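Working notes, beginning with the structure itself.
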Amino acid sequence: MQLEKEAGMDEYIFQGILTRHTSGPKDTPESLESLKGEVSKCVSCDLHTTRRNVVFGSGNPKARLMFVGEAPGEDEDLQGLPFVGRAGQLLTKIIEAMGLKRQDVYIANILKCRPPKNRAPLPPEISACADNLRRQIDLIKPKVICTLGKFASQTLLKTETPITALRGKFQEYPAFDLTSGGIPPERDRRRDNGIKVMPTFHPAYLLRNPQDKKLVWEDMKNIRKEIAK
Ligand code: URA
């Protein structure tokens, strides 16, 4: 696989750039923890009645690179961790092919609870969960968010443009507020942080369409360049 062949080639580029060393608020990790505690008790939508575990997210709380998927599946619901099933194993390979480890990046989903039988998330579920992801992103302040698949890409970028058109092109992270009128500009620090969003194909799609792995690898190389800046 091309991803694996190229793995490690530019590993040195990542020396010292995996985490930001700038001084953020001293309590950033604790705040992410307290948000996790809050979300673990969430009953804002009906998914709390069928979930086994809330899948908050995992990884480096100061990651430069954050991946956002759709919603937990069965394995994730059982373990309380994102991307631990078959698609997750491919995501791990992709991350490692970039010369990174899972612990270097942060992985989360649009929805923190599993939709029954892995059905597509419903608009009220997205609205109920939107603030959780927004607060998570605000705390982590990644340089790049890689949205995995149509659902995460369209939701985060607030667009209906097909994933085939979105894929591979960096966009600015927009004010992410699906529930109210937006964040006042003076409180919106994300534009200052210059977070970029790179939409790419979902690993579950790649399992069915391995010929498109080369496109995802192009996206990962561009992300690598961006986080090295
Ligand atoms: N698919 C997703 O979008 N997220 C997961 O956590 C697992 C599979």
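Sequence positions, counted from 1, serve as the residue numbers for this chain. Order of appearance sets the numbers: ligands from 1, and atoms from 1 within every ligand. What you see is a predicted model; the values in this text were computed from it and never measured.
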Run through L100, T200, L65, I95 and flag the one making a side-chain contact (heavy atoms from CB on, under 4.5 Å) with M220.
-> T200
Looking at atom 4 (N) of ligand 1, what's its closest protein heavy atom, distance included?
-> N109 OD1, 2.8 Å
Closest non-hydrogen protein atom to atom 8 (C) of ligand 1, residue and atom name please, with distance?
-> F83 CE2, 3.8 Å
Of P203, G57, A71, which has the heavy atom at the shortest distance from atom 5 (C) of ligand 1?
-> A71
Please lay out, stage by stage, how K93 and E96 fare under the test salt bridge (Lys or Arg N to Asp or Glu O under 4.0 Å).
-> CA-CA 5 Å; K93 273 192 187 178; E96 289 173 354; over 6 Å; no
Quick look: E70 vs ligand 1, heavy-atom contacts under 4.0 Å, and the answer is both
Mind listing the closest non-hydrogen atom pair of N109 and A71 along with its distance?
-> OD1-N, 3.5 Å
Below 4.0 angstrom from a heavy atom of G69, which ligand 1 atoms are there? Numbered from 1 as shown, please.
-> 3 (O)
Short list, please: which atoms of ligand 1 are under 4.0 Å from a heavy atom of P82?
-> 6 (O)
So, do P203 and F83 sit near enough that their side-chain heavy atoms are less than 4.5 Å apart?
-> yes
Please determine if K229 and E226 form a salt bridge, counting it only when a charged side-chain N lies under 4.0 Å from a carboxylate O.
-> yes
